[in-house]
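The structure appears right after this line, and notes come after that.
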Amino acid sequence: MAEERKAGNAEKSAFVVSARKRLMQKGSKAAGEFLLLAIASFVAVVVLFIFYFVARDAVPFFELRGFREFFTSTDWYPADDPPTFGALSIIYGSLMVTLGSTLIAVPMGIVAAICLSDILPFSVRQYAKPVIEMLAAIPSVAYGFFALVVLAPLLQDHGGPILKWAWWIIAGPFLMLLVVVLADISSARVENQSFRERMNLVLTLVFGGLALGLLYFVGSFLGELQIMSGTNALNVSLILSFMALPTIVSVSEDALQAVGRDLREGSYALGATRAETIVKTILPAASSGILAASILGIMRALGETMVVWMASGNSAHLPEPWYNYLESVRTLTATIAGDMGEADQVTGSARYHVLFAMGLLLLGVSFICNLISERIVVRQRKILSGR
Amino acid sequence: MLPAARAAVPAIALDGSTTVGPIAKSFAAYFMKKYGVPVTVSESGSGNGAKSLINGSCTIATMSRAMKDKESAAARKKGFEPVSHVIALDGLAIVVYPGNPVSSLSRAQISAIYRGTIRNWRQVGGPDVPIVVIQRESNSGTQEAFKNLVIGKGVPISGRAETQSSNGAVKNRVSATPSAIGFLGLGYLDQSVKAVAVDGVVPSVKTVKNHTYPVTRPLFFYTAGQPSGYVQKFVELSDTAEGREIIKELGFISL
């Protein structure tokens, strides 16, 4: 009996924690939680502070000069007497290179992500993805140097032929696909099978001829182009698209992977081919993740400074015509970087505050884009979890 | 012995023009060897040099233009009078691609090119290609001097002009761009670009010295008040035989 009791006591005491120990445990738990909370809120506070300080120095500009000149005039002569602060052409320049790099990077990035996640064998993917992600590790000044010293002279000397080949390589396969699809659709309604096949052939030949003509016509037009200055919007768009690619590929690929085996196998079980599975099942399911990836990539292009500062030519004017990517442009980021040294923070002139106004504009745009991509990701998570 | 001596004398810090930079660096190397006084040289543009002098973060501001009234007023507010020392003369060479057939331009033509009224080389006797105009950032003393000497005050340079951030970058762009025009300090001139004659006068040491080349400007050292001690010795280097030799070697014109 006594022995049993003793054993019972020993068992009990293993679970009993002394009051002091319990207090210590509670205390360290509270301290740990507080520390984590402090670190997390510190990051949030830093963001708020950046907003506050940029806005604080941006507001005086609008008080001094109003909104109208900044957003509607293209006369950017901040150093003249009297100065003018028309930032329209600079804002336009930023939009132009961002749009240009988006048009190149997003289709390329999505295709590369699909290829990585669903087409390449696993062993190849293991090597390909780190290599693509390595693009992000190259410092932007190295990209800028490349753009200025290699790409700019190349565009000046062989710009026409380069554009021509790029057009053939990119538009060729795309038009070929379009011809086949168009011919199929137009001949699909014909009842008689042998007639339908013949009509399909004829239509393919006709459309193919038209497409070839278009390829040749546009190609020879591009081939004749003479690029006067290699430091232009096209150059910067190309380089920025390469800088945005790793973000887009990596995040899109994660989104495609997140779609999961069950959906893929369900699709195959219903008799879908791999192409149908990718286009009709996986892409729609991952669409919001891909959209978020694209927005992240766009933000990278919009905020990049060193490359545009070195390779865009920095001329503050609207290109003529407005879609001319072969003219040099000036962007918001490059203007802030280039004019900061001259801006007089002691006397707090409009010259100084206008740079903060530009910074606030950039901050606002990227903040909104980030919010949108955040919302999209949350929505996708909800859809995928079936709620 | 040497470290102690070095600690006793305050370092001389120079900041400012990228044009004056080579002179400042050579002077600094010579001066450190001769007197054992540490000299640091930064190149951040004439405007920044003036600002550094006013803020007290440098002892000598190197400038390729005279101080503006605003800047001298700011210095006076800080309690000192900026004193200018002309150390050398510099010609601004107007440069084009070596293969460009145009070899002479008038000041009016150059001005029209930079204001954007002449846009094609054909209009000044060259081939039928658009002109790529290259200028400097607004904090550049070279830019300021070019505007004053060629274009005239208060006339804006066309927004189409590309902007580069240093003499070297301008030379690089012009040497790689067949239709480009730019301007450089004479010291930066070499075989990779072609200097055009301005109003019929080819820029050279001789034409700058006898004032026939129209785009000539003085280069300055600015000090806070009259310099004394080592700073004075440094500023006066340009009057010594060794100083003149350095200036000449770098392609500038000594006084």
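In the text below, chain A, chain B and the rest are named by the order of the sequence lines, each starting its count at 1.
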_Taking the six-membered ring for Trp, are A/Y352 and A/F61 closer than 6.0 Å centroid to centroid?_
no

*salt_bridge(A/E224, A/K164) N-O dist < 4.0 Å*: no

*If you tally heavy-atom pairs under 4.5 Å against chain B, which of A/P319, A/S89, A/S328, A/S229 wins?*
A/S229

*Do B/I181 and B/V95 come within less than 4.5 Å of each other through their side chains, counting heavy atoms only?*
no

*asked:* Under a 4.0 Å threshold between the charged nitrogen and the carboxylate oxygen, would A/D339 count as salt-bridged to A/R330?
replied: yes

*If you count heavy-atom pairs under 4.5 Å between each of B/P156, B/A180, B/G45 and chain A, which one has the most?*
B/P156

*Looking at B/E162, B/E137, B/Q164, which one has more heavy-atom pairs under 4.5 Å with chain A than the rest?*
B/E162

*Is B/D190 salt-bridged to B/K171, cutoff N-O under 4.0 Å?*
yes

*Is chain B contacted by the side chain of A/T84, its backbone, both, or neither, given a heavy-atom distance below 4.5 Å?*
neither

*asked:* So that I know where these two stand, are A/F53 and A/F356 an aromatic pair - ring centroids less than 6.0 Å apart?
replied: no

_Does any backbone or side-chain atom of B/T177 lie under 4.5 Å from a heavy atom of chain A? Answer side chain, backbone, both or neither._
both

*Kindly indicate whether the side chain of B/I54, heavy atoms from C-beta on, has any atom under 4.5 Å from the side chain of B/E71.*
yes

*Can you name the residues of residues 111-132 of chain B that have some heavy atom under 4.5 Å away from a heavy atom in chain A?*
B/R119, B/V129, B/P130, B/V132

*Hey, does B/I134 have a side-chain heavy atom less than 4.5 Å from the side chain of B/F183?*
no

*asked:* Counting only non-hydrogen atoms closer than 4.5 Å, does B/K70 touch chain A with its backbone (N, CA, C, O), its side chain (CB onward), both, or neither?
replied: neither

*Which atoms of A/Q226 approach chain B - backbone, side chain, both or neither, heavy atom under 4.5 Å*: neither

*State plainly whether the residues B/E144 and B/R136 are in salt-bridge range, i.e. N to O under 4.0 Å.*
no

